[in-house]
Amino acid sequence: MTPILPPDWQGRERDATPPDLYRQRRAFLKTAGLGAIGLAAAPFGCGSDRAAAVRAARPTGPLATIPETAPRDGLPAPRNPAYTVEGRGLTERELTATYNNFYEFDGSSKEVWPLTGLYEPFPWTLRVSGLVEQPLTFDLTNLIRQMPLEERVYRHRCVEAWSMVVPWSGFPLKALIDRCRPLSSAQYVRFVSADRPREMPGIPGQPWYEWPYYEALRMDEATNELAFVATGLYGEPLPKQNGSPLHVILPWKYGYKGPKAVVALEFVRERPNTFWNDLQPQEYGFLSNVNPNIPHPRWTQATERPLGYDRKIPTLLFNGYGEWVAGLYPDEPTTPQPPTAR
Ligand SMILES: Nc1nc2c(c(=O)[nH]1)N[C@H]1C(S)=C(S)[C@@H](COP(=O)(O)O)O[C@H]1N2
Ligand SMILES: [Mo]
């Protein structure tokens, strides 16, 4: 079934992130060298050579992007019965693999899978720094082999008002954080995604974004039992476009709060900046809990379109996960509000 997109959620890329705006903003950025990343690191000399290399490496299909080098230990993982979704079927697997937001490959189209051919996620190192007993690095393949993998069926709600229901496999984020041994002074955990301009054509191709992608959570959010590290989808390793080799999943928040292809965790005292909040603070807040009462400045958040359907369904407060997380947010509006960023 081909998704039919109403105009309101064709939104963010085209309307909210005009390249000129970013170029202007970046002209003011004093973060030395950042603005030159795209050019300095572009390996192919010129844009058309790069595009040709990416085209030549095109995967044969949207599921041919599951890395051959990904560990398959523990897959398919046993489903955790505490996390199932009543009343909605699973989204078709092909749809989850062909309709993606992964701006490191391209932010102007959902069809990013054909651009992932040069991306080789394994081997993968996860660096841990900041307010921890001692800085660490994990080899992700070893980590996956040591973690008891489970499958969880979660709702996913993108801020653009499309949604899906999918079985992720992986391990609780808390299990990873416990291994990082953060100090009690850590109030937030910051995530940084991969910065691989040779493999990710959207990085040199869209220099107006502040690569690498960066996100952050309060510690009480990050250690909530819902917060999950997905390394698999539909019983197999994650396809590249879904965030291989690991994708943080926070089902009560808009999708962009969960970074893909994370290479670093940093434990800090002060609230860190985040990628979308820095770009559009009036549209994308730090908390970004799914909330039908708070319209996006340019569209309603009261409804959503499940991938594969051309109709809308109501969006639930905390995406239906209030039982787990409502206590974390005493100030979350529960009645309709004027448009604002949260
Ligand atoms: N590094 C990185 N992480 C990211 C994004 C991105 O562009 N880059 N997009 C986010 C958004 S907006 C969504 S909706 C989900 C999409 O995940 P999926 O492609 O597996 O559905 O990933 C999130 N994590
Ligand atoms: Mo999203």
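Numbers here are sequence positions counted from 1. Every number for a ligand or one of its atoms is a count from 1 in the order of the listing. All figures in this text were calculated on a predicted structure; none of them were measured in a lab.
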For [X], the ligand 1 atoms whose distance to one of its heavy atoms is below 4.0 Å:
X: Y103; result: 6 (C), 7 (O)
X: S193; result: 1 (N)
X: C158; result: 14 (S)
X: N242; result: 18 (P), 19 (O), 20 (O)
X: N100; result: 18 (P), 19 (O)

[X] near ligand 1 by a heavy-atom separation under 4.0 Å:
X: A261; value: no
X: G258; value: yes
X: H247; value: yes
X: W162; value: yes
X: W168; value: yes

Handout entry: Exercise: do Y214 and S193 side chains pair donor with acceptor under 3.5 Å
Key =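 Note: Y214 and S193 side chains miss the donor-acceptor criterion.
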Practice task
Would you tell me whether R157 and T315 have side-chain atoms, one donor and one acceptor, within less than 3.5 Å of each other?
Solution key: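 T315 and R157 do have a side-chain donor-acceptor pair below 3.5 Å.
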Problem - Non-hydrogen side-chain atoms of V165 and R88 separated by less than 4.5 Å - result: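 Result yes, sub-4.5 Å side-chain heavy-atom pair found.
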Handout entry: Side chain to side chain, K240 and W113, heavy atoms closer than 4.5 Å
Key =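 They are not in side-chain contact.
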Handout entry: Ring-ring centroid check F102 F105, cutoff 6.0 Å
Key =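 Aromatic pair counts; centres sit under 6.0 Å.
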Handout entry: Check: Y234 ring centroid to W168 ring centroid under 6.0 Å
Key =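 Ring centroids of Y234 and W168 are no less than 6.0 Å from each other.
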Handout entry: Among W276, F275, Y213, ring-ring contact (aromatic ring centres under 6.0 Å, His included) partner for Y103
Key =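 The single option meeting the ring-ring contact (aromatic ring centres under 6.0 Å, His included) with Y103 is W276.
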Problem - Side-chain ion pair, E236 and R93, N-O less than 4.0 Å - result: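 Salt bridge present between E236 and R93.
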Handout entry: K253 with E221: basic N within carboxylate O range, under 4.0 Å
Key =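 Looking at E221 together with K253, the answer is yes, because their closest N to O distance falls below 4.0 Å.
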Handout entry: Nearest neighbour of atom 21 (O) of ligand 1 from the list M200, R157, H156, M164, on a heavy-atom basis
Key =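 Looking at heavy atoms only, M164 sits closest to atom 21 (O) of ligand 1.
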Exercise for the section: Return yes or no for this condition: an N or O of N101 is under 3.5 Å from an N or O of ligand 1. Expected result: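 Yes; the residue has a nitrogen or oxygen that sits under 3.5 Å from a nitrogen or oxygen of the ligand.
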Practice task
Decide whether an N or O pair under 3.5 Å exists between Y99 and ligand 1.
Solution key: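 It does not: no N or O of Y99 is found under 3.5 Å from an N or O of ligand 1.
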Handout entry: Location of contacts on Y256 toward ligand 1, heavy atoms closer than 4.0 Å
Key =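 Answer for Y256: both.
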Exercise for the section: Of the side chain and backbone of E160, name the one, both, or neither that has a heavy atom under 4.0 Å from an atom of ligand 1. Expected result: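 Near ligand 1, E160 shows nothing, with every heavy atom at 4.0 Å or more.
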Practice task
Report the distance from atom CG of N273 to atom CZ of F286, rounding to the nearest 0.5 Å.
Solution key: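 Answer for the CG-CZ pair, N273 versus F286, is 9.5 Å.
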